[in-house]
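Below is one structure, written out as structure tokens; comments come after it.
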Amino acid sequence: MTMLILSQFKDDLDGYTERQLRYQAADDIWSIGQMYDHIIVVAEEYADEIKRCLASTEEQPLGKTEFGERLFQAGGFPPMKIRLLDEMNQPPNNTDKRELLERRIDALLSRLERLEPFVRSANPYVKAQHGGFGWLNAQEWYALIEMHTRHHLRQQADLERYLMEADI
């Protein structure tokens with residue numbers, strides 16, 4: 001599922017002009033390009049945590065936070081906008097051209113494809129800590145990539161609506 005949702009975002013890139021990728025409806029609203037950058041950066045960070053889990057043999061008895069448990073039980077983020085604290089919420093890059101975003105997604109897809117067989121057989125008791133969700137194992141980090149990316153489908157629809165309203 002992770003590969004499928006990222007591939008869909010990659011396919012969607014073909015439908016945007018360079019101007020549309022950079023358009024911001026307001027200062028506090030990301031552009032579509034910024035949303036893509038954010039999705040890629042976060043997925044790369046989560047893939048780094050997967051590698052951390054795969055490289056370790058130290059088992060962790062601690063588990064998820066209450067919010068982390070609810071997130072995984074629900075199979076995704078709640079249908080609402082989530083705003084991080086300002087110090088954690090730096091605006092994503094808004095300069096990448098479509099071709100660069102496509103290459104970055106391709107590189108991410110290749111990385112995840114290489115990791116996937118190791119993730120399936122990883123020790124579920126070897127974990128890395130997520131700041132908000134608690135201790136996650138490699139399988140959970142991998143699933144979190146899909147959940148996080150899927151969460152941005154709503155944002156993508158909002159941003160496309162802004163483009164239509166602005167006739168861009």
- Could you walk me through whether Asp106 and Arg103 pass salt bridge (charged side-chain N to carboxylate O under 4.0 Å, His left out), step by step? CA-CA 5 Å; Asp106 282 340; Arg103 285 197 306 272; over 6 Å; no
- Task: Go through Asn137 and Val126 one step at a time and tell me if the side chain to side chain contact (heavy atoms under 4.5 Å, CB included) criterion holds.
- Result: CA-CA 6 Å; Asn137 62 37; Val126 174; over 6 Å; no
- Check the pair Leu21, Leu101 against side chain to side chain contact (heavy atoms under 4.5 Å, CB included), reporting the backbone distance first and the verdict last. CA-CA 10 Å; Leu21 282 175; Leu101 289 170; 4.3 Å; yes
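There is a path of hydrophobic side-chain contacts, each under 4.5 Å, that joins Met35 to Leu153.
Pairs engaging residues 121-130 under the salt bridge (Lys or Arg N to Asp or Glu O under 4.0 Å) rule: none recorded [sequence neighbours left out]. The list of salt bridge (Lys or Arg N to Asp or Glu O under 4.0 Å) pairs with a residue in residues 30-45, not counting sequence neighbours, reads Asp37-Arg104, Glu44-Arg111. The ring-ring contact (aromatic ring centres under 6.0 Å, His included) contacts involving residues 101-129 comprise nothing, where partners must be two or more places apart or lie in separate chains. Listed by first then second residue, pairs satisfying salt bridge (Lys or Arg N to Asp or Glu O under 4.0 Å) with a partner in residues 129-148 read Lys64-Glu140, Glu146-Arg150, not counting sequence neighbours.
Residues forming a side-chain hydrogen bond (donor to acceptor under 3.5 Å, both in side chains) with Glu165 (at least two apart in sequence, or on another chain): none. Residues satisfying the side-chain contact (heavy atoms from CB on, under 4.5 Å) test with Ser7, not counting sequence neighbours, are Leu109. Considering only residues two or more places apart in sequence or on other chains, Phe67 meets the ring pair (Phe, Tyr, Trp, His ring centres under 6.0 Å) condition with Phe133. Applying the side-chain contact (heavy atoms from CB on, under 4.5 Å) test to Ala143 and every residue at least two apart in sequence or in another chain returns Phe72, Met147. Scored by the ring pair (Phe, Tyr, Trp, His ring centres under 6.0 Å) test, His148 finds His38, His152 as partners (sequence neighbours excluded). Applying the side-chain hydrogen bond (donor to acceptor under 3.5 Å, both in side chains) criterion to Glu18, with sequence neighbours excluded, gives Arg22. Annotation: side-chain contact (heavy atoms from CB on, under 4.5 Å) contacts of Asp14 (sequence neighbours excluded): Arg98, Glu102. For Ala25, the side-chain contact (heavy atoms from CB on, under 4.5 Å) partners at least two apart in sequence or on another chain are Tyr23, Ile29, Tyr162.
The existence of a salt bridge linking Asp158 and Arg161 is confirmed by a sub-4.0 Å separation between a basic side-chain nitrogen and an acidic carboxylate oxygen.
Of all heavy-atom pairs between Ile145 and Ala47, the closest is CD1-N, 4.2 Å.
Between Tyr36 and Tyr16, the ring planes are perpendicular. Angles over 60° get that label, and only those under 30° would be called parallel.
Using a 3.5 Å distance cut-off with no hydrogens or angles, the side chains of Glu59 and Asn123 do pair a donor with an acceptor.
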